[in-house]
Participant: 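I have a structure I would like to understand better, so I am pasting it below and will then ask my questions one at a time.
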Amino acid sequence: MPIIRVAINVPVGTLFDYQAEDANVLDIGLRVCVPFGKKKITGIIMAISMETQIPIEKLKSAYGIFREINPLPPALLNLFHFCSQYYHHPLGMVILNSLPAMLRNNKPVKLKEWWAQHPLGLTDLGRQVDIANIPARNRVARRLLTEFQNATNLTVQQIKQISPRASKLLIEWKQLGWVAEKPIIQTTPSETAIIPTLTAEQESAVTTVTARLEQFNTWLLHGVTGSGKTEVYLRIIESALSRGKQTLVLIPEINLTPQLEAVFRARFCTIPLVNLHSGLNDTERLTGWLQAQRGEAKIILGTRLAVFTPLPELGLIIVDEEHDSSFKQQDGLRYSARDLAIFRARETNIPIVLGSATPSLESYFNAINGRYQYIRLASRAVKNARLPMIQYIDTRIHKSQDGLSVPLLKAIEKCLAEQRQTLIFINRRGYAPVLLCKSCAWSALCQRCSSRLVVHLRDKKLRCHHCGHEENFPRACPQCGNQDIAPFGQGTQRVEESLIAHFPSARILRIDRDSTRRKNAWQEILHTIHTHQVDILIGTQLLAKGHDFQNLSLVGILNADTSLYSTDFRASERLFSQLMQVSGRAGRANAAGHVLIQTEFPDHPLYYSLQQHDYDVLAQTLLTERKMAGFPPYVYQALLRAEAHDIKIVLNFLKQAAHLAKPTQAIQIFDPVPAQLVRLKGMERAYLLIQSSSRKQLQAFLTEWSVQISTLAIRKVRWVVDVDPIEF
DNA sequence: AGCACGCCGACT
DNA sequence: GTCGGCGTGCTC
């Protein structure tokens, strides 16, 4: 009797063997329902064998194999294997957590579930059916046929509205071959999509990449904001589409999906496109996934989880804003979707394009070393558009009131007079980051995290931005009883308040997670901005990413200095790319933009590079620093992260783990250190840094070491390996 | 991850 | 005497 080896969603690295009499080699990659302990669960068949190491009496029989949808293709299983090994995470968990929830339960996929969003239409055979041949008393059938003849296609919802009996009829007609699912075709014609003329740079980028569509290459498309990277993507995708290939487009955030989706749909109005992100419900996600898996969807637009979608005809991958840290998952399986995408492209032997205005130093390093192919777009695509003028306001000279200095206020006034929009960027939501007692220096702290509570004045609450804890505003200082407690520092709400006071007639809008939480709020806000129903925008980084605001001509940046002298070696890189992105919001249309940055350190090299729009100088400087300090990309890192209720237990565990490691020349192990934010949600956290100049040796070390760590009988400690960490 | 088993204290 | 606390170990 054949034995199937099944991957199951349990934190154990092994597969589980079952008997399955009807299993054959074609079943690899299919879902299977099996008994597991007392439960009945669904796993994925990873292998078929005639023998097993497990004693026969322990071996159970599978309940049944689900064959209603195609198996996961070998290429995807290969990606799962790699991901599991590279990130040291159990295979079954990698696979099952990446699948749509509806494929994880013990039920077969019901066809109607994907019909629900899949329009149906008459086949050639169906069109030949004469309504006269349907008995007149069969009114539902006649009605349904007429509806089909009138509309090119109907969704299941529409069909159900005709009559409850209509869906039964539909199944019969499907079997007769009268109706079939149709690929989703945008019915509204595109708004006469204007296809822009390419600049010489864009042209050359497109021809270079499209000339090599048949083989693996990692292209780093480094284009300044407004250089028209999207247009380059569109042309390359067009080329892939013409070969019948699928394109996977990864983007960092869910907020950017609608914008890019609109652009793609306008250009490729007849091409089936699916959007995969965490904001979908279970049915929507499954529908999109199945369309991708069947090769029907040609463009798959999605956030990091979309990298795990089965794509039989994959011909091109694009990672937009490749430097963005959201591509790295920060809990559970700590994978980098960008890095997995590169692996996938290599295995599939197809090109991958990494696009950014400020590439990650890792990618830049690979590009200048020739591991990636470097393509540069140095000028803005819109004619006459110039890069914004960046100036600094020295806050040591110009004292600010509520965070806003006089020169900045003057500039806003001027901008208002010219009827243009202003954006004030402050990456801190709430009213003020601290609540301080003026007499004893007490400040409001979170009980569960080692962080300060943020003042939210509007709803009279103190909130922890790390764990979500909320408490009421104290009347007096809990430590000394003094009533003289006051918010200290600036957040978006306070800046909003102060701008309202300065410019009472201006239309002011604050945009941060607090104001965009409502569903569709984001779309409404974008509309408000585009139709110029607002003069001054105050926003966090939410606003910085990838949106074009045509009327925006002034950007004011507050409080950027905090990241200048951070302990995190990636802080400068992040600050630069963030400021570059925000600055890029200004002066998109024919007017040059103006950026004013309030700082105590106007002479800082980072600010100088920003002013010169010189990514390369800064990148070279940072690379030199990293080389001297022995940081990535010159070394490969991994963390052993651990948490427990008591930091002492954590540090002790890490010490023991470090002790287990066999000292090698190739591997450097550092002392355990508490995490930047020691307490988070009531847990105390610390980590152990492991470095090596060889990725291979680091991997080999981690594999052996994690096995040893799991033999350590340390109670109450949760631990995890984080490969290529970006947060400390 | 669940879930059972098992070994200790504190209750009717 | 048992009820339930959680520490330990297994699931094909």
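Below, chain A is the first sequence line, B the second, and so on; all start at residue 1.
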Participant: For DNA chain C, find the residues of residues 41-62 of chain A with a heavy-atom distance under 4.0 Å and give them by number; none if there aren't any.
Facilitator: A:Ile54, A:Lys58, A:Leu59, A:Lys60

Participant: What is the separation between atom NZ on A:Lys716 and atom C1' on C:dG5, rounded to the nearest whole Å?
Facilitator: 11 Å

Participant: Looking at A:Asp722 and A:Lys328, does any basic side-chain N land under 4.0 Å from a carboxylate oxygen?
Facilitator: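 Salt bridge flag = yes for A:Lys328 with A:Asp722.
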
Participant: Just checking A:Phe36: base, sugar-phosphate only, or nothing, at a heavy-atom cut-off of under 4.0 Å?
Facilitator: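 Touches a base.
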
Participant: Any chance the rings of A:Tyr335 and A:Phe343 have centres within less than 6.0 Å?
Facilitator: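 So the answer is no for these two rings.
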
Participant: Mind checking whether A:Phe631 and A:Phe569 have parallel, tilted or perpendicular rings, split at 30° and 60°?
Facilitator: parallel

Participant: A:Val34 near the nucleic acid: base, sugar-phosphate alone, or nothing, with a heavy-atom cut-off under 4.0 Å?
Facilitator: nothing

Participant: Give the C-alpha distance, both sets of side-chain angles, the deciding distance and a yes or no for side chain to side chain donor-acceptor pair (under 3.5 Å) between A:Ser563 and A:Ser566.
Facilitator: CA-CA 5 Å; A:Ser563 316; A:Ser566 163; over 6 Å; no

Participant: Send over the distance from A:Lys39 NZ to C:dC12 P, rounded to a whole Å.
Facilitator: 12 Å

Participant: With heavy atoms of chain A within less than 4.0 Å as the criterion, where does contact along DNA chain B begin and end?
Facilitator: B:dA1 to B:dA4

Participant: Evaluate whether atom CD of A:Gln656 has more than 12 neighbouring non-hydrogen atoms of other residues, nucleotides or ligands under 6.0 angstrom away.
Facilitator: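 Yes, enclosed.
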
Participant: Are there more than 12 heavy atoms of other residues, nucleotides or ligands under 6.0 Å from atom CZ of A:Arg679?
Facilitator: yes

Participant: Just wondering, are more than 12 heavy atoms of other shown residues or ligands nearer than 6.0 Å to CZ in A:Arg67?
Facilitator: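 Counting neighbours around CZ of A:Arg67, more than 12 heavy atoms of other residues, nucleotides or ligands fall under 6.0 Å, so yes.
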
Participant: Could you say whether A:Lys38 or A:Asn9 is positioned toward the 5' end of DNA chain B, judged by the nucleotide with the nearest heavy atom to each?
Facilitator: A:Asn9

Participant: Between A:Ile65, A:Ile45, A:Leu72, A:Val109, which is the residue that forms a side-chain contact (heavy atoms from CB on, under 4.5 Å) with A:Arg31?
Facilitator: A:Val109

